[in-house]
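Below you'll find the structure, written out as structure tokens, and then a few comments.
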Number of protein chains: 2
Amino acid sequence: MLKIPDHQVAGHKAGVGKLGPLIDDSGRFYKPLQGDERGSNEAAFYTSFSSNTKIPDHITRFFPKFYGTQLVKASDGSGMQPHLVLQDLTFNRVNPSVMDVKIGSRTWAPQVLEDYINKCLKKDRESSSIYLGFRLSGLQVFEDRESGFWKPGKAEVKSLSADEVRLFLKKYVSSNTSSALDSKPDCAFASIVYGGSTGILSQLLELKAWFEDQTIYHFYSCSILMIFEKELALSGKGPCAEIKLVDFAHVFEGKGVIDHNFLGGLCSLIKFISEILTTPEDCAADDLLEDVQKSHIYSENGSV
Amino acid sequence: MLKIPDHQVAGHKAGVGKLGPLIDDSGRFYKPLQGDERGSNEAAFYTSFSSNTKIPDHITRFFPKFYGTQLVKASDGSGMQPHLVLQDLTFNRVNPSVMDVKIGSRTWAPQVLEDYINKCLKKDRESSSIYLGFRLSGLQVFEDRESGFWKPGKAEVKSLSADEVRLFLKKYVSSNTSSALDSKPDCAFASIVYGGSTGILSQLLELKAWFEDQTIYHFYSCSILMIFEKELALSGKGPCAEIKLVDFAHVFEGKGVIDHNFLGGLCSLIKFISEILTTPEDCAADDLLEDVQKSHIYSENGSV
């Protein structure tokens with residue numbers, strides 16, 4: 001039995017009469033193949049990438065595992081339809097905080113049709129893509145079991161200013177995400193989610209080094225998902241954070257040239273995250289994480 | 001007495017009835033202030049940059065020195081006109097080989113007017129900018145005293161394919177530039193011009209590190225000039241190669257965001273140049289430089 005994913009933050013969503021991705025209970029994610037060339041292009045990318053021996057292991061881990069394509073009952077009731085079978089990236093995750101960042105100031109490949117370019121360029125200019133080299137496509141931040149998730153609307157997150165993006169990236173790793181919307185995010189989890197040798201910044205830098213060199217693929221309109229679990233972070237059982245690339249309907253051959261568009265946007269995101277780590281004075285007290293961890297342990301022991 | 005520069009490879013050129021830059025005999029370059037906002041914008045950039053104490057010395061050396069603005073007799077005969085007074089980058093250079101590379105897949109700032117964006121976007125798409133993240137704006141390569149310079153046309157160099165750009169970057173550092181147009185460039189000077197601790201690649205990497213961090217300026221439609229002297233290279237009196245940034249009529253405030261557009265294009269150029277250094281098998285024999293140097297010494301001694 002397939003069901004609608006709980007933790008999708010961007011893209012088409014499955015529903016009554018609506019075609020969208022589904023998951024099973026064994027960790028697989030079924031993404032409907034879009035009927036036009038986007039579907040065939042994404043399937044072609046996964047097929048090429050998963051069999052490409054030139055991609056180093058420390059890079060393939062940033063991509064969802066690919067299990068081929070399969071006919072499954074579509075979510076919109078249209079009957080059996082071809083789906084990409086992929087790794088469910090939030091399988092076994094309890095209350096994951098997820099952020100979808102669409103990378104690149106330009107979401108269109110040079111070789112596509114004029115009309116499509118104009119449509120994308122308009123979106124890129126209206127969103128933060130042109131200015132920042134990336135835009136947020138969606139996010140959910142787990143607060144606590146009582147309040148659940150803070151999940152701002154799509155339209156709201158796409159056209160944030162630089163200062164607002166900075167704020168959202170801080171809220172994503174804060175313990176006071178929305179309970180104190182107007183107050184300063186405390187960045188309580190910044191050092192363990194963004195920082196450290198296995199944190200998100202370190203993973204982004206590995207990805208960057210690959211993009212400085214690889215000339216195989218150009219990734220347009222592709223997203224980096226950032227995922228971590230607040231409760232896992234609080235328990236001290238790291239590493240709890242990971243990045244994954246998703247959405248490859250607009251991947252083209254690199255033909256000997258690096259993907260300077262993706263790389264530029266990635267470097268911009270890296271700069272934003274680095275700044276959060278290097279200027280803790282812009283967040284609440286440095287030692288807050290310790291306080292949060294202590295209070296969590298206390299409450300588990302029933303002493304609070 | 002001001003005169004027309006000998007080694008300009010791109011941009012408006014001075015001539016009878018034509019407004020263009022002039023030089024004097026003391027190493028100064030007089031660039032006419034464009035009448036519209038481009039002129040005032042470039043003057044504002046030089047004024048800001050030259051007094052900005054946050055720019056490290058190892059970066060300011062990549063920019064022309066700025067001596068203010070001055071009224072001088074314009075080259076087009078229109079009388080006294082305001083000019084930017086800058087360092088003449090080829091002063092004291094004998095037969096410099098020069099390449100002008102306009103950096104960035106996008107030559108327009110997000111905040112400019114629609115018409116200007118459309119004009120630039122068209123040029124970016126028709127040239128190699130969108131594909132490669134940069135385009136050649138002009139070049140001259142010194143061959144020898146008999147043949148002088150190889151100086152391909154502007155129109156020719158702007159819309160090169162990736163393979164053609166690779167070829168031009170090889171020709172730029174070869175001893176058989178045009179004498180054997182259809183044969184393989186020998187890349188005789190690659191290791192001393194592009195390579196080494198003071199070579200062009202090393203300078204580009206220093207610039208890259210700054211662009212990964214700096215959020216003060218965004219440089220649209222700005223060029224990197226690469227300059228070296230074949231005869232100096234042959235004499236073994238290195239370092240003979242340098243890079244300089246020029247053309248700041250479209251520089252805007254970075255406002256806390258890195259210049260991902262310039263950085264992406266710079267990384268693409270770096271990749272092209274790195275490949276020339278790491279795949280010498282694509283050029284002629286590795287030891288050719290030594291042969292060239294020997295033959296030069298022989299001929300100086302009159303023994304050939």
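Only this structure's heavy atoms are used, side chains among them; waters, hydrogens and symmetry mates stay out. Sequence lines set the chain letters: A, B, ... in the order given, protein chains first and strands last, and positions in each chain run from 1.
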Just by distance, do the side chain of R106(B) and the backbone of S105(A) share a donor-acceptor pair under 3.5 Å? no
I want to check something: taking the side chain as every heavy atom from C-beta on, are [X] and [Y] in contact at a cut-off of under 4.5 Å?
X: H260(A); Y: F134(B); answer: no
X: Q111(B); Y: Y131(A); answer: yes
X: E114(B); Y: R125(A); answer: yes
X: E212(A); Y: I270(B); answer: no

Examine whether an atom of [X] lies under 4.5 Å from a heavy atom of chain A, and if so say whether it belongs to the side chain, the backbone or both; otherwise answer neither.
X: T215(B); result: side chain
X: F272(B); result: side chain
X: L121(B); result: side chain
X: D213(B); result: both

Closest heavy-atom pair and its distance - [X], [Y]:
X: G264(B); Y: I258(A); result: O-CD1, 4.3 Å
X: A162(B); Y: V257(A); result: CB-CG2, 3.7 Å
X: C267(B); Y: L263(A); result: CB-CD2, 3.5 Å

Do any of residues 200-211 of chain B come closer than 4.5 Å to chain A, heavy atom to heavy atom, and if so which ones, in number order? K208(B)
Distance, nearest 0.5 Å, that separates NZ of K255(A) from CG of D163(B): 10.5 Å
Give a yes or no on whether K244(B) atom NZ has more than 12 heavy-atom contacts from other residues, nucleotides or ligands under 6.0 Å away. yes
Taking atom CD as the centre, does E253(B) end up with more than 12 heavy-atom neighbours from other residues, nucleotides or ligands that are less than 6.0 angstrom away? no
Proximal component of L266(A), with respect to chain B [non-hydrogen, under 4.5 Å]: neither
